[in-house]
Protein chains: 2
Amino acid sequence: MSKQPVSVLTSRPDEEPAEQSSGAALACCAPLAARARSTEQAAAVAPLFKALGDPVRLRLMSMIASSAKACVCDLTDAFDVSGPTISHHLKVLREAGLVDCERRGTWVYYWVRPQALESLGTLLGAAGGAAG
Amino acid sequence: MSKQPVSVLTSRPDEEPAEQSSGAALACCAPLAARARSTEQAAAVAPLFKALGDPVRLRLMSMIASSAKACVCDLTDAFDVSGPTISHHLKVLREAGLVDCERRGTWVYYWVRPQALESLGTLLGAAGGAAG
DNA sequence: CGTCTATCTTGACATCTGTCGAAACAGTCG
DNA sequence: CGACTGTTTCGACAGATGTCAAGATAGACG
């Protein structure tokens with residue numbers, strides 16, 4: 001069976017088009033562009049990983065994803081940290097584009113934005129091609 | 001394409017069976033254990049995301065995964081940061097269990113440890129129900 | 001053995017992060 | 001309107017992080 005060949009991890013910046021050694025000018029054309037692209041891509045995706053890089057936020061995401069809509073009060077209850085801290089983490093998650101929220105009366109509900117997760121999933125394991 | 005419903009994100013800490021909470025002193029029982037487990041899981045996985053949460057490290061991973069074995073010198077050349085900084089990032093990646101390295105003469109080669117990536121991939125998109 | 005290259009470790013420093021308490025803001029209910 | 005509950009913002013602070021320069025270590029080569 002083909003183990004998921006990861007893929008960000010296998011985005012191989014060098015396999016773009018006519019890649020490699022097609023010209024001595026390697027240091028100036030495609031490769032460079034590819035590399036730049038990779039850099040940008042990394043800069044764009046790293047924040048998502050970073051946002052998920054905190055235990056509290058990871059668990060928060062887990063809880064939010066587990067229920068269609070999660071109320072802040074429920075989330076707060078499940079942690080040992082203060083309300084403001086949870087609020088802060090939710091803001092980080094929100095700014096990373098991982099979740100979105102809406103106010104319904106007194107309560108605020110959060111839900112996961114599938115797009116972001118797909119991005120990560122794709123980066124990590126989907127993307128055929130690669131295979132190492 | 002992959003419309004899989006993420007999964008860390010859906011690990012629903014409450015769906016754990018009566019996982020023998022033989023610990024007597026448990027304030028409650030299953031719920032607490034389940035939650036503890038979830039917390040532990042988050043604590044265990046967050047570092048992986050965190051390690052990937054830096055653009056340099058993410059790109060480093062990408063490059064390492066792109067080639068069976070990547071030499072530090074090649075990696076260093078591809079970035080604008082100093083050698084020690086690359087070394088530091090590689091250490092972070094190594095300590096997170098994402099990569100491993102070996103010295104061959106003068107050079108040190110790095111490669112990706114599939115396990116870690118699988119963990120992340122599983123967490124993000126695969127894993128059907130809970131954990132397993 | 002001495003020297004050179006490649007890589008890692010150490011120490012220092014500015015910045016970012018996670019956390020809290022206090023206060024502000026948003027809505028509901030009496 | 002006024003009091004109360006839920007959530008976010010503000011200000012502050014300890015600790016973590018990313019980066020560099022300088023020095024240390026590992027192995028190759030003469």
Side-chain angles (χ1 to χ4, degrees), chain A residues 39-40 42-64 67 69-112, chain B residues 39-40 42-64 67 69-112:
Chain A
T39 301
E40 281 174 22
V45 179
L48 297 188
F49 282 102
K50 191 171 192 175
L52 254 23
D54 181 279
V56 172
R57 286 197 294 269
L58 192 54
R59 205 139 79 80
L60 233 20
M61 271 298 280
S62 169
M63 296 179 73
I64 294 174
S67 56
K69 282 185 188 289
C71 172
V72 174
C73 57
D74 290 334
L75 298 174
T76 302
D77 285 348
F79 294 81
D80 293 330
V81 299
S82 68
T85 298
I86 293 297
S87 189
H88 162 67
H89 285 306
L90 287 172
K91 185 178 183 181
V92 173
L93 252 19
R94 219 186 313 137
E95 292 183 338
L98 287 166
V99 304
D100 207 343
C101 66
E102 178 191 32
R103 168 160 231 133
R104 282 191 65 131
T106 303
W107 298 277
V108 176
Y109 293 91
Y110 277 76
W111 63 88
V112 169
Chain B
T39 301
E40 281 174 21
V45 179
L48 297 188
F49 282 104
K50 191 172 193 175
L52 255 21
D54 180 280
V56 172
R57 288 197 292 268
L58 192 53
R59 205 139 77 79
L60 233 21
M61 272 298 279
S62 169
M63 296 179 71
I64 294 173
S67 56
K69 281 184 187 293
C71 171
V72 174
C73 57
D74 290 334
L75 297 174
T76 302
D77 286 349
F79 293 82
D80 292 332
V81 299
S82 69
T85 297
I86 293 297
S87 189
H88 162 67
H89 285 306
L90 287 172
K91 185 178 183 181
V92 172
L93 251 20
R94 218 186 315 138
E95 292 182 338
L98 287 166
V99 304
D100 206 344
C101 67
E102 177 190 35
R103 168 162 232 135
R104 283 192 64 130
T106 304
W107 297 276
V108 175
Y109 293 90
Y110 278 76
W111 63 88
V112 170

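Residue numbers start from 1 in every chain, and the chains themselves are labelled A, B, ... in the order their sequence lines are given, proteins ahead of strands.
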Asker: In whole angstrom, what separates A/Asp54's CG from D/dA16's P?
Answerer: 13 Å
Asker: List the residues meeting side-chain hydrogen bond (donor to acceptor under 3.5 Å, both in side chains) with B/Thr106, not counting sequence neighbours, and say none if there are none.
Answerer: none
Asker: Could you pull out all donor-acceptor pairs under 3.5 Å where a side-chain atom in residues 49-57 of chain A meets a protein atom, sequence neighbours excluded?
Answerer:
residue	atom	partner	partner atom	Å
A/Asp54	OD1	A/Val56	N	2.8
A/Asp54	OD1	A/Arg57	N	3.3
A/Arg57	NE	A/Ala51	O	2.6
A/Arg57	NH1	A/His89	ND1	3.0
A/Arg57	NH2	A/Lys50	O	3.4

Asker: Any heavy-atom pair between the side chains of A/Leu75 and A/Leu90 that's under 4.5 Å?
Answerer: yes
Asker: Output the residues of residues 82-96 of chain B in contact with DNA chain D, where contact means a heavy atom of the residue under 4.0 Å from an atom of the strand; sort by number or write none.
Answerer: B/Ser82, B/Pro84, B/Thr85, B/His88, B/His89
Asker: Quick check for you: among D/dT8, C/dT7, D/dT19, whose closest atom lies nearest to any side-chain atom of A/Val72?
Answerer: D/dT8
Asker: Checking B/Arg103 now: which residues fulfil side-chain hydrogen bond (donor to acceptor under 3.5 Å, both in side chains) with it, not counting sequence neighbours?
Answerer: none
Asker: Just call it for B/Tyr110: base, sugar-phosphate, or nothing, with non-hydrogen atoms closer than 4.0 Å on any strand.
Answerer: sugar-phosphate
Asker: A/Thr76: which residues meet the side-chain contact (heavy atoms from CB on, under 4.5 Å) condition with it, sequence neighbours left out?
Answerer: A/Val72, A/Ile86
Asker: Taking C-beta and beyond as the side chain, do A/Lys69 and A/Trp107 meet within less than 4.5 Å on heavy atoms?
Answerer: no
Asker: Could you encode protein contacts along nucleotides 24-30 of chain D as a string, one character per nucleotide from 5' to 3', using B for base contact, S for sugar-phosphate-only contact and - for no contact, with a heavy-atom cut-off of under 4.0 Å?
Answerer: --SSS--
Asker: Kindly say if B/Lys50 contacts the phosphate of C/dT17, meaning a side-chain N or O under 4.0 Å from OP1 or OP2.
Answerer: no
Asker: Between B/Cys71 and A/Val81, which has a closest nucleotide on DNA chain C that is more 5'?
Answerer: B/Cys71
